[in-house]
Amino acid sequence: MSSKKRLGSVEMTGNQCKKQKPNKYDCYKDDCCKQATCNCDFKKQELKATELDSDCFLVNSLVGTKTVQKVAEISLPLTLFEGVSTTNILSINVVPNLSAITQNVTVIKDKVVNIGIVPADISITTIGGDVVGIVGGVANIPFQAHTDFPGACPEDMVEESPLEIEGIFSQKGISLVATTGEALITGILVKIILRTTITVTRPVIKDAEGKFCDVNPNRCKAEDGPPSFTFLSNNE
């Protein structure tokens, strides 16, 4: 008994194999007649010269860079941790979620202002071994930083490296004013020290002779009175 297989225009009978001369552009998989390699010609795309509208270029001038610290801090009443009192606290556990940080940054004259929120999972381990999480699951810990940056002006661009944690601190037994404002209640204080590198740049125009001029020559002009800003919340 003979078996026949047909692949394209190639007929195979038993162990015999009749091949057509392969085209160099044919790349196929064959369980009987195997082509060792596929000879495919890929042509490199030619680069075409672009005609410029002027002999000037827009570049970024470095105003400065510095490593700074940001402090996130919050005070929480012990009523947010069911069954916990100052007498049975063994440890306070804080796990920040750096990937979920929200922040706003702006530049005023000679200063970079940054405001944000660090979400954190806060729980308390009691002397009995119970781990009690905060009501609501996550605490949003606010932080703010006002960095002196001589030479920085409004409309400058700010870049920050990913935030890193330098230290986490907690303190139990602090006194807080109740929401009713009539009594003091016991709480805990949580503080997170963050570190980042701030880089401020400014767009400038460079002409053919290597001279520079500011894109906005009035960016550092003194304003009438202090500027006011409204940042978006983390939900917007």
Side-chain angles (χ1 to χ4, degrees), residues 63-108 110-150 152 156-179 181 184-201 228-236:
V63 178
T65 182
K66 63 170 58 178
T67 299
V68 300
Q69 291 178 325
K70 302 179 181 183
V71 179
E73 182 176 319
I74 193 170
S75 297
L76 301 169
L78 283 182
T79 52
L80 293 178
F81 302 87
E82 295 182 1
V84 175
S85 65
T86 54
T87 59
N88 67 351
I89 294 178
L90 180 63
S91 63
I92 301 172
N93 318 302
V94 182
V95 182
N97 185 356
L98 295 183
S99 63
I101 289 177
T102 58
Q103 57 181 327
N104 294 278
V105 61
T106 191
V107 181
I108 59 177
D110 297 326
K111 196 180 296 289
V112 175
V113 181
N114 194 288
I115 296 176
I117 291 175
V118 181
D121 182 10
I122 301 177
S123 62
I124 294 178
T125 301
T126 66
I127 295 176
D130 295 328
V131 178
V132 182
I134 187 172
V135 174
V138 176
N140 290 320
I141 308 177
F143 70 85
Q144 58 181 344
H146 315 104
T147 305
D148 289 329
F149 223 105
D156 285 343
M157 297 180 294
V158 180
E159 293 184 19
E160 293 189 7
S161 63
L163 289 166
E164 299 179 28
I165 297 177
E166 284 198 325
I168 299 175
F169 306 88
S170 60
Q171 181 180 355
K172 64 179 182 178
I174 66 170
S175 296
L176 301 175
V177 178
T179 54
L184 294 178
I185 57 177
T186 303
I188 62 173
L189 172 68
V190 174
K191 180 178 294 189
I192 302 174
I193 308 298
L194 304 165
R195 183 180 71 248
T196 186
T197 298
I198 296 178
T199 301
V200 178
T201 57
S228 177
F229 303 91
T230 301
F231 287 138
L232 296 177
S233 69
N234 61 316
N235 295 323
E236 295 180 290

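Each residue takes its place number in the sequence, starting with 1.
Side-chain contact between Val71 and Ile193 is present, with at least one heavy-atom pair separated by less than 4.5 Å. Here the side chains of Asn88 and Asp130 are not in contact, with every heavy-atom distance at 4.5 Å or above. Thr65 is listed as a side-chain neighbour of Thr197, based on a closest heavy-atom distance under 4.5 Å. No side-chain heavy atom of Asp156 sits under 4.5 Å from any side-chain heavy atom of Phe149. Residues Asp110 and Asp148 are not in side-chain contact: their nearest non-hydrogen atoms beyond the backbone lie 4.5 Å or more apart.
With values rounded to the nearest 0.5 angstrom, Glu159 atom CD is found 6.5 Å from Thr199 atom OG1. Between Asn114 atom CG and Leu163 atom CG the span is 8.0 Å, to the nearest 0.5 Å. Separation of atoms CG (Leu78) and CD1 (Ile134) is listed at 10.5 Å; rounding is to 0.5 Å.
Note on residues 64-80: pairs passing salt bridge (charged side-chain N to carboxylate O under 4.0 Å, His left out), not counting sequence neighbours, are Lys70-Glu160, Glu73-Lys191.
The shortest non-hydrogen separation linking Ile141 to Ala120 is CD1-CB, 3.8 Å. Between Leu189 and Ser75, the shortest heavy-atom distance links the atoms CD1-OG, 3.5 Å. For the pair Pro119 and Ala100, the tightest heavy-atom approach, listed with the atom from each and the gap, is CG-O, 3.5 Å. Taking both residues in full, the closest heavy atoms of Gly137 and Asp121 are given as O-OD1, 3.6 Å, listed atom of the first, atom of the second, then distance. Looking at every heavy atom in both residues, Val63 comes nearest to Pro150 through CG1-O, 4.5 Å. Taking both residues in full, the closest heavy atoms of Phe143 and Ile117 are given as CE2-N, 3.5 Å, listed atom of the first, atom of the second, then distance.
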Verify side chain to side chain contact (heavy atoms under 4.5 Å, CB included) between Val158 and Val200, making sure each step is shown before the conclusion. CA-CA 5 Å; Val158 180; Val200 178; 4.3 Å; yes
For Val105 and Val112: C-alpha separation, side-chain torsions, deciding distance, then whether side chain to side chain contact (heavy atoms under 4.5 Å, CB included) applies. CA-CA 7 Å; Val105 61; Val112 175; 3.7 Å; yes
Test side chain to side chain contact (heavy atoms under 4.5 Å, CB included) applied to Ile188 and Phe81, step by step: CA-CA 11 Å; Ile188 62 173; Phe81 302 87; 3.9 Å; yes
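Applying the side chain to side chain contact (heavy atoms under 4.5 Å, CB included) rule to Asn93 yields the partners Ser91, Ser123, Thr125; only residues at least two apart in sequence or on another chain are considered.
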Side chains of residues 164-177: which donor-acceptor pairs under 3.5 Å do they make with residues two or more places apart or in other chains?
from   : atom 1 : to     : atom 2 : distance (Å)
Glu164 : OE1    : Arg195 : NH2    : 2.6
Glu166 : OE1    : Gln69  : NE2    : 2.5
Glu166 : OE2    : Arg195 : NH1    : 2.8

